[in-house]
Amino acid sequence: MDEKYFPAKIEEKWQQRWEESGAFEVEAGAAREKRFYCLEMLPYPSGFLHMGHVRNYSIGDALSWFRRLQGYNVLHPMGWDSFGQPAEQAAIKRGVMPREWTEQNIEHMRAQFKRMGFSFDWRREVAAHRPDYYKWDQWFFLRMLEKGLAYKKVSPVNWCPAEGTVLSNEQSSGGVCWRCGAAVEKRDIEQWFLRITDYAEQLLADMREIEAGWPERVLTMQRNWIGKSSGAYVDFQIKDTAERVRVFTTRVDTIYGANAVVVAPDHPVVERSPVREDVRRFAERVRAERAAAREPGAAEEKEGVNTGLMAVNPFSGDLIPVWAGNYVLTEYGTGAVMSVPAHDERDFEFAQKYSLPIRRVIERISYEQPPAERDPAVEDQSVAMHEAFTEYGILVSSGDWSGKLSEDAIREMGEFAESRGFGERAVTYRLRDWGVSRQRFWGAPIPVVYCDGCGVVPVPDGDLPVMLPERAEFTGAGESPLAGVPEFVNTTCPKCGAAARRETDTMDTFVDSSWYFFRYCDPKNDGAPFDGEKVAYWTPVDQYIGGVEHAVMHLLYTRFWTKFMRDIGLVSFNEPVKRLMTQGMVVAETFYREGEDAGSRVYFNPADVDVVRDDKGRIREATLISDGHPVSVGPFEKMSKSANNGVDPNEMIEAYGADATRLFVLFAAPVENDLRWQEAGINGAQNFLRRVYAFVRRWREALAGAPADVGAAGDFPAEARRLRHETHRTVERVTNDFEGLRYNTAVAAMMELLNALGDFKAEPPSASPAELFAVRESVEALVLMLAPFAPHLAEELWEALGHVGGLLRGGARWPAFDEALARKEEVEIAVQVNGKLRGRVNVPADASEEATREAALADERVRAWTEGKQVVKTVVVPGRLVNVVVK
RNA sequence: GCGAAAGUGGCGGAACUGGUAGACGCACCAGACUUAGGAUCUGGCGCCGCGAGGCGUGGGGGUUCGAGUCCCCCCUUUCGCACCA
């Protein structure tokens, strides 16, 4: 053992050993109950590891080590979400082909992962861009096509007219092209969709199965995203025409209060309007305003135009006007609503603005007096209504329905509409079908062929994969670069053999990530996406770890994909992930000064900047320490691959070692909190490791002579008993903390144990067998518990303590704790007088209530406070406190 | 606007089902060892007070022998949804 702790040396040594021994390579085997699938969201191979990655994978790696040491067969794989735009951007900017660029990045990042010492089974690596992977994307697509779950429809995309190219939502944010600033248009193109809406109900209902293991917040977001809403369609006849306008409402019970039908500005019924030119101009203006709006979807002031059309309320027979309104969305429901200002906030606002009548038809249920029936002849019954009454209640002024409760009326009126043929009860969802077409090069080609004679023809399974060409023209303009590769486009029809054209759209990269973790179970299979038995052994995933930003997209898609896989017999469960943990972001304080060149900024290392904060913790002033001059201050910025201000993990590894870096990110904050990166803290982590190292080095030789079992150790003196108690208590705490991924407190507990070891009085050369036993037991437990956080050092110390074969191959086991030893022998009891802490007494842990009370009352300080007072009562909480109430 | 979560020292954060608030660490202060240290070790470290003691978990009220924890009102922050009919 070296005199000092040299992380680089130790880490290199063990990374090599792990590689040679295949320490992290696993196969299906053992009992299913003793297997554990630990999964972290796979990264996009940008080429650089950032602290967010380090955090994400340190969390999973620690859990994997913990389970392995507990004797589980642990699958902990890694792969690459390697399709997607940045590779095409690199091609446009630097002329390097996407495949080459991606492979280089993967090489680089894999090396970085290895330097971090993450315990991945690299033989199982998958990468979305490799044909042996995307072949199965295509295979799944064909299965969906067979089941009618994949279909084509015309749908609007964001289109930059200046460049003639399709943009993603992100690229067209603010309604302008991110590159040239031209106003983005909506253009209709035919695109492929997957019918996720067929699964809307299941996606909601099956949340029951994962409620216990998923963060409430994620489930809520998914629930909102799916947006189930039960109500009814009702048809309003348009007077003097054969047309009907269908509206969707959840509150059909309020229909007698409808003062208008309001349609979206581009609703087809507008064609019938005598003032359709006005409405068209209105629609145009609304569209323009939306495009110019800074935040898309932000609420605008309600506006509308009276179309001059009249509609018949099918329940009451009332004739009401048809308006076009900017607050009615084309995309939701039927693009038309009935406006009931008395009982809907938006309609109320609209009615106020245009002075439309407000008719109250729902009253709060009152048990004292029956609701007042209002005179139906009087239009404005908004007496004392300052806002809409949106609760359920009792119907009034509603013809035969008056007197009914909202709940009953909603059901019965829906049924009534159905029986009369002017409506139906219905459930709608906000969830849309999943558009998977991308007019891009770097994605899995959609495996269909267009033939003049046969139409849309699926590529036969035997012809998969439809390979991406190696090269293409990348200009950033026009349609998918694939369309410019004749060898790709021109093919023959699989059905009739005639000349045909391939689909040039590729799939959304979320397709790749919807099922990748099944492929890890059987990554080399070339006859099927995976072997059913292998997947049955490993899945569902026991613990999934990733960022909240995937709460709806990825995590909803993968649930959908799993249900589809179940329906075609590939898996036998409903939900792919039992437990989900969403870790917080790593954020960095960045400081910059505007540079010489316009728009350029000079960044400073946060460690060199002295900060003054206000009482809210916000930065008020920052001073560059090196030269004492003030610099301007930036807000906290998210450290991410797109930000060039991140902390480079390589620098951390070089300065402190991978072990200290890992330990620190897990210790610095609870895993679900955001972590503000402050380099100052990391030396604390390194210091801890150094002290563990020094302790082992000091005791190593003496411990070799420690008795092998308790029996041989003899009697334990008080101090050794105390140490054993600390050891067992710490093992208990750390073990429990692991179950809840509470790494910060687990590390704190280990630090306490080291402090206890440091306080241990005996010196190695003169320690008694019992003392040696206690120290050895403690140190070994500490080293084992350290393995998930600092695996290199743990291996090194485990070896130094005389164990051979390494932690995993050598059969080391997570320490067990003895319940009895984990309990204290003697406890400190707080003594309160009238609820105020006045003293502390020590009593045996098993002291009776009476004995505890007596000890408390006998305490000198307590007596000073109770002297001459009457003791009204005493409350004794065994093992905790005594409260003496005096008067 | 609606919904959810959260407010604890200078900072990150502990505190099991109501029971000793501030574990552990960072930063800071003092001392030791050093030619030196941004290394290491020892001690201190919520606020006020010389002290006894008092105050203290965003603010206000309540329940209780006892409240960071439970209840009510308010404030602030973060996140999500944002005209979803």
Side-chain angles (χ1 to χ4, degrees), chain A residues 4 215-225 227-229 231 247-252 254 262 295-302 325-329 331-340 343-347 349-350 428-431 548 551-552 584 607 611-613 615-618 664 667-670 672-685 687-688 690-691 694 733 736 742 744-755 758 827-840 864 872-886:
Chain A
K4 280 174 69 184
E216 182 53 41
R217 163 161 102 114
V218 171
L219 294 175
T220 304
M221 280 165 76
Q222 292 207 356
R223 230 174 255 126
N224 292 342
W225 188 262
K228 180 179 179 172
S229 158
V247 307
F248 177 71
T249 177
T250 56
R251 293 297 303 273
V252 67
T254 66
V262 185
E295 293 165 62
E300 314 150 31
E301 197 187 339
K302 289 184 183 38
N326 65 345
Y327 72 102
V328 179
L329 306 172
E331 319 82 68
Y332 186 77
T334 58
V337 302
M338 63 180 199
S339 168
V340 186
H343 305 293
D344 181 283
E345 281 168 25
R346 295 150 300 179
D347 296 338
E349 204 185 311
F350 193 70
T428 60
Y429 298 91
R430 204 185 79 118
L431 183 69
V548 241
V552 278
V611 168
V612 181
R613 290 170 200 278
D615 52 2
K616 291 259 158 51
R618 283 182 290 245
F664 178 63
F667 172 63
E672 60 276 355
N673 286 19
D674 281 353
L675 169 61
R676 246 185 239 171
W677 185 262
Q678 283 171 316
E679 200 181 322
I682 196 171
N683 56 32
N687 200 27
F688 169 64
R690 229 185 252 138
R691 289 173 59 214
R733 286 170 70 190
N736 290 338
R742 290 181 297 269
N744 56 327
T745 48
V747 174
M750 287 159 49
M751 287 171 166
E752 284 181 66
L753 181 57
L754 179 65
N755 290 343
V827 288
E828 194 182 64
I829 299 285
V831 187
Q832 300 180 332
V833 178
N834 285 349
K836 287 208 185 296
L837 183 71
R838 295 303 182 194
R840 296 190 166 102
V872 180
K873 75 174 185 181
T874 54
V875 181
V876 180
V877 183
R880 294 224 159 237
L881 64 58
V882 174
N883 190 10
V884 185
V885 186
V886 298

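Since this is a predicted model, take the numbers as computed values, not measurements.
In this structure, Phe248(A) and Thr250(A) have side chains that are in contact, with non-hydrogen atoms separated by less than 4.5 Å. The shortest side-chain heavy-atom distance between Thr254(A) and Met338(A) falls under the 4.5 Å cut-off. In this structure, the side chains of Arg251(A) and Asp344(A) stay at 4.5 Å or more apart for every pair of heavy atoms. At a threshold of 4.5 Å between non-hydrogen side-chain atoms, the residues Thr874(A) and Val885(A) do not count as touching.
When the side-chain contact (heavy atoms from CB on, under 4.5 Å) test is applied to Phe688(A), the partners found at least two apart in sequence or on another chain are Leu663(A), Val692(A), Met750(A), Met751(A), Leu754(A), Leu786(A). The salt bridge (Lys or Arg N to Asp or Glu O under 4.0 Å) test applied to Glu752(A) returns Arg729(A), Arg733(A), not counting sequence neighbours.
The CD1 atom of Ile682(A) lies 12.5 Å from the CG atom of Asn687(A); values are rounded to the nearest 0.5 Å. With rounding to the nearest 0.5 angstrom, the CZ atom of Phe667(A) is 12.0 Å from the CG atom of Leu675(A). Between the CZ atom of Arg742(A) and the CD atom of Glu672(A) there is a distance of 9.5 Å, given to the nearest 0.5 Å.
Distances shown here put every side-chain N or O of Lys836(A) at or beyond 4.0 Å from the OP1 or OP2 atom of A21(B). Under 4.0 angstrom from either OP1 or OP2 of C79(B) there lies no side-chain N or O belonging to Arg217(A).
Nucleic acid contact for Ser229(A): sugar-phosphate only, since backbone atoms but no base atoms lie under 4.0 Å from a heavy atom of the residue. Among the atoms of the strands shown, base atoms are found under 4.0 Å from some heavy atom of Glu828(A). In this structure, Lys302(A) reaches the bases: a heavy-atom distance under 4.0 Å links it to at least one base atom across the strands shown. Contact annotation for Val872(A): no contact, since no heavy-atom pair falls under 4.0 Å across all strands. Arg840(A) comes within 4.0 angstrom of a base, heavy atoms only.
Between the C1' atoms of G18(B) and G25(B), the separation comes to 28 Å (whole Å). Only the P atoms considered, C28(B) is 9 Å distant from A39(B), to the nearest whole Å. Spacing of P atoms, G59(B) relative to C65(B), comes out at 25 Å, to the nearest Å. Across A23(B) and C41(B), the matching C1' atoms stand 23 Å from one another, rounded to whole Å. Across G10(B) and C45(B), the matching P atoms stand 15 Å from one another, rounded to whole Å. The same atom, C1', is picked in C81(B) and in A67(B); the two are 35 Å apart, to the nearest Å. Going from the C1' atom of U57(B) to that of G13(B) covers 13 Å, rounded to whole Å. Atom C1' of A36(B) sits at a distance of 47 Å from the matching atom of G68(B), rounded to the whole Å.
Residues Tyr327(A) and Ser339(A) approach most closely at OH-OG, 4.2 Å, considering heavy atoms. Of all heavy-atom pairs between Thr334(A) and Val247(A), the closest is OG1-CA, 3.4 Å. The two residues Val328(A) and Val262(A) have their closest heavy-atom pair at CG2-CG1, 3.6 Å. Residues Asn744(A) and Pro670(A) come closest through the heavy atom pair ND2-CG, 3.6 Å.
Among the nucleotides G19(B), A14(B), A85(B), the one closest to any side-chain atom of Val877(A) is G19(B). Residue Arg838(A) places its side chain closer to G53(B) than to any other of C83(B), G53(B), A85(B). Listed candidates were U20(B), A85(B), G54(B). Nearest to the side chain of Phe248(A) is A85(B). Of the candidates C24(B), C81(B), C83(B), C81(B) carries the atom nearest the Arg430(A) side chain, counting heavy atoms from C-beta on. Checked against A85(B), C79(B), A14(B), the side chain of Thr745(A) finds its nearest nucleotide in A14(B). For Ala748(A), the listed nucleotide lying nearest its side chain is C24(B); candidates were C81(B), A14(B), C24(B). Between C83(B), A21(B), C81(B), one nucleotide has an atom nearer to the side chain of Leu837(A) than all others, and that is A21(B).
Side-chain atoms of Asn673(A) never come within 3.5 Å of backbone atoms of Gly584(A) as a donor-acceptor pair (strictly under, hydrogens ignored). Between the Arg691(A) side chain and the Asn755(A) main chain, no donor and acceptor come within less than 3.5 Å of each other.
Map Val827(A) and Val328(A) each onto its nearest nucleotide of RNA chain B; the residue landing nearer the 5' end is Val827(A).
In this structure, Lys302(A) is not positioned above the aromatic face of Phe350(A) in the sense of NZ or CZ being under 6.0 Å from the six-membered ring centre and within 45° of the axis.
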Every protein N/O within reach of nucleotides 25-30 of chain B N/O, cut-off under 3.5 Å:
none

For nucleotides 62-68 of chain B, give me every protein contact, N/O to N/O, under 3.5 Å, one pair per line with atom names.
from: C65(B); atom 1: O2'; to: Asn883(A); atom 2: ND2; distance (Å): 3.1
from: C65(B); atom 1: O2; to: Asn883(A); atom 2: ND2; distance (Å): 2.6

Detail all sub-3.5 Å separations between protein N/O atoms and N/O atoms belonging to nucleotides 43-45 of chain B.
none

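Between the CD atom of Glu349(A) and the C1' atom of C83(B) there is a distance of 9 Å, rounded to whole Å. At whole-Å resolution of the value, CZ in Phe350(A) and P in C83(B) are 16 Å apart. Asp674(A) has its CG atom 18 Å from the P atom of C11(B), to the nearest Å. At whole-Å resolution of the value, CZ in Arg690(A) and C1' in G38(B) are 12 Å apart. What separates CG of Leu675(A) from P of G13(B) is a distance of 8 Å, to the nearest Å. In this structure, Leu219(A) atom CG and G3(B) atom P are separated by 19 Å, rounded to whole Å.
Classification of G9(B) as syn follows from a glycosidic angle within 90° of 0.
With a 3.5 Å limit on both pairing distances and Watson-Crick or G-U wobble geometry required, the stems of 3 or more pairs in RNA chain B span B:1-7 with B:75-81, B:10-12 with B:24-26, B:28-32 with B:40-44, B:46-48 with B:53-55, B:58-62 with B:70-74.
Other residues, nucleotides and ligands contribute only 12 or fewer heavy atoms inside 6.0 Å of the CD atom of Glu345(A).
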